[in-house]
Number of protein chains: 2
Amino acid sequence: MCPAEDFQEKRKKKMRAVQDSMDVLNGKWKISIISSICYYDKRRFSDILNDVIGISNRMLSKELKELEINQLVKRTVIGTQPITVQYELTEHGRTLQTIINNLTDWGITHRKKIVGE
Amino acid sequence: MCPAEDFQEKRKKKMRAVQDSMDVLNGKWKISIISSICYYDKRRFSDILNDVIGISNRMLSKELKELEINQLVKRTVIGTQPITVQYELTEHGRTLQTIINNLTDWGITHRKKIVGE
DNA sequence: CGGCATCCTTACAGATACTG
DNA sequence: CAGTATCTGTAAGGATGCCG
């Protein structure tokens, strides 16, 4: 295979990988939810609800379910009356930490860039 | 300020930053579009249209406009007949490269994780 | 407390056709 | 080629209320 073809193929592969990631993290809430959980070992439903500004419980519920299906989050029902549910990142979910950190840094830079000019 | 309050405040700040980033990169196309451009110096409209699987020209047009407003992408009209338009990342847009790379790596890992089990 | 069910409204986004 | 215009369906997502 010539170098040009090789470059094309690798590029396509990378682009597919990026799309895969974005499919998992789709919607406007996923990353925020994960970043709400990631600074703690475990985090309760209502705590996340408070952290993620603007989200409704209906959405949070739905999003958490998707994250669970994608094995990023683990759900544990704790006790009774009133019931408590803990969410924590799985080992796989914790591998998103780097991305979260980068997005955090970038967000700060971007805000300066946009409002600062 | 006590350490606990300090922790809270820093966390909230980080979460806001992540949300800022995600607001800029919202929708399911932005990151893919950027990653289509980033492997080249300049990239034409129809090239991006080809790279980003599933996107319509209507959407691509809209998304590119938003990226331009956020100063991530620069648009240049080249010649005539037929007209050609080049898109390139701005310096600021190029700072997303790290995030793209991380998302690429993570996407590959995630696919293995999900389909491999 | 942590949801789910329902209703409802928007915005997202596809298909198609058209223009400079 | 690089879009814009219009028309349309779908689904995201908010509001509210109910339940174990």
Side-chain angles (χ1 to χ4, degrees), chain A residues 15 18-19 21-37 40-70 72-90 93, chain B residues 15 18-19 22-34 36-37 40-70 72-90 93:
Chain A
M15 289 206 48
V18 170
Q19 298 231 27
S21 296
M22 294 315 283
D23 282 348
V24 176
L25 305 174
N26 67 45
K28 59 175 177 176
W29 304 118
K30 297 267 186 358
I31 288 279
S32 294
I33 292 169
I34 292 169
S35 84
S36 162
I37 304 175
Y40 296 88
D41 286 350
K42 298 161 186 289
R43 198 107 178 104
R44 285 166 44 201
F45 186 88
S46 48
D47 290 332
I48 304 171
L49 199 59
N50 262 305
D51 280 344
V52 183
I53 301 160
I55 199 172
S56 65
N57 60 348
R58 181 181 165 286
M59 270 302 113
L60 180 55
S61 174
K62 214 196 69 182
E63 300 285 79
L64 281 168
K65 217 176 279 178
E66 287 184 40
L67 291 174
E68 223 189 318
I69 290 169
N70 278 304
L72 300 177
V73 153
K74 179 161 172 276
R75 178 177 180 275
T76 317
V77 181
I78 294 294
T80 34
Q81 289 1 334
I83 207 170
T84 300
V85 180
Q86 306 272 23
Y87 289 91
E88 60 191 303
L89 296 187
T90 62
Chain B
M15 290 206 48
V18 171
Q19 299 233 24
M22 294 316 284
D23 283 349
V24 176
L25 306 174
N26 67 49
K28 60 175 177 178
W29 304 118
K30 297 267 182 9
I31 289 279
S32 295
I33 292 169
I34 293 169
S36 162
I37 304 175
Y40 297 88
D41 285 349
K42 296 161 188 290
R43 199 105 179 105
R44 285 165 44 201
F45 186 87
S46 48
D47 291 331
I48 305 171
L49 199 57
N50 263 304
D51 281 344
V52 183
I53 301 159
I55 199 170
S56 65
N57 59 348
R58 183 181 163 288
M59 268 301 113
L60 180 55
S61 174
K62 215 197 68 181
E63 300 285 78
L64 281 168
K65 219 174 276 177
E66 286 183 41
L67 291 174
E68 223 189 320
I69 290 171
N70 278 305
L72 300 178
V73 153
K74 181 161 171 276
R75 179 178 178 276
T76 318
V77 180
I78 293 295
T80 34
Q81 283 12 339
I83 205 169
T84 300
V85 181
Q86 306 272 23
Y87 289 91
E88 60 191 303
L89 295 187
T90 62

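None of these values were measured; they are calculated from a predicted model. Just so we're on the same page: letters track the sequence lines, and every chain starts at 1.
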Whole-Å distance between [N] [atom2] and [X] [atom1]?
X: Q86(B); N: dG3(D); atom1: CD; atom2: C1'; value: 16 Å
X: D47(B); N: dA2(D); atom1: CG; atom2: C1'; value: 12 Å
X: K30(A); N: dG13(D); atom1: NZ; atom2: C1'; value: 12 Å
X: L49(B); N: dG14(C); atom1: CG; atom2: P; value: 12 Å
X: E63(B); N: dA2(D); atom1: CD; atom2: P; value: 18 Å
X: M59(A); N: dC7(C); atom1: CE; atom2: C1'; value: 14 Å
X: N50(A); N: dC1(C); atom1: CG; atom2: P; value: 10 Å

Are any of [X]'s side-chain N or O atoms less than 4.0 Å away from OP1 or OP2 of [N]?
X: K62(B); N: dT4(D); answer: no
X: S56(B); N: dA13(C); answer: no
X: T84(A); N: dC1(C); answer: no
X: Y87(A); N: dG3(C); answer: yes
X: R75(A); N: dG2(C); answer: no

Report the residue (I55(A) or R44(B)) whose heavy-atom-nearest nucleotide on DNA chain D is the more 5′ of the two.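 This one resolves to R44(B).
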Can you tell me which nucleotide in dA2(D), dG2(C), dT4(D) comes closest to the side chain of V85(A)?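 Looking only at side-chain atoms, V85(A) lies closest to dG2(C).
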Consider the side chain of F45(B), meaning its heavy atoms from C-beta on, and name the nucleotide among dG3(D), dC1(C), dC4(C) that approaches it most closely.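 Comparing dG3(D), dC1(C), dC4(C) against the side chain of F45(B), the answer is dG3(D).
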Indicate yes or no: does K30(B) engage E66(B) in a salt bridge with an N to O separation below 4.0 Å.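 Yes, K30(B) and E66(B) are salt-bridged.
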State plainly whether the residues R43(B) and D51(B) are in salt-bridge range, i.e. N to O under 4.0 Å.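 Salt bridge: yes.
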Distance in Å, [X] [atom1] paired with [Y] [atom2], rounded so as to fall on 0.5 Å steps:
X: E68(B); Y: E63(B); atom1: CD; atom2: CD; value: 13.0 Å
X: R44(A); Y: I37(A); atom1: CZ; atom2: CD1; value: 13.5 Å
X: Y87(A); Y: L72(A); atom1: OH; atom2: CG; value: 14.0 Å

Ignoring hydrogens and geometry beyond distance, is the side chain of R58(A) in donor-acceptor contact with the base of dG3(C) at under 3.5 Å?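 No, the side chain and the base share no sub-3.5 Å donor-acceptor pair.
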Establish whether the base of dG3(D) is bridged to the side chain of N57(B) by a donor-acceptor pair shorter than 3.5 Å.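 Answer yes: a donor N or O sits under 3.5 Å from an acceptor.
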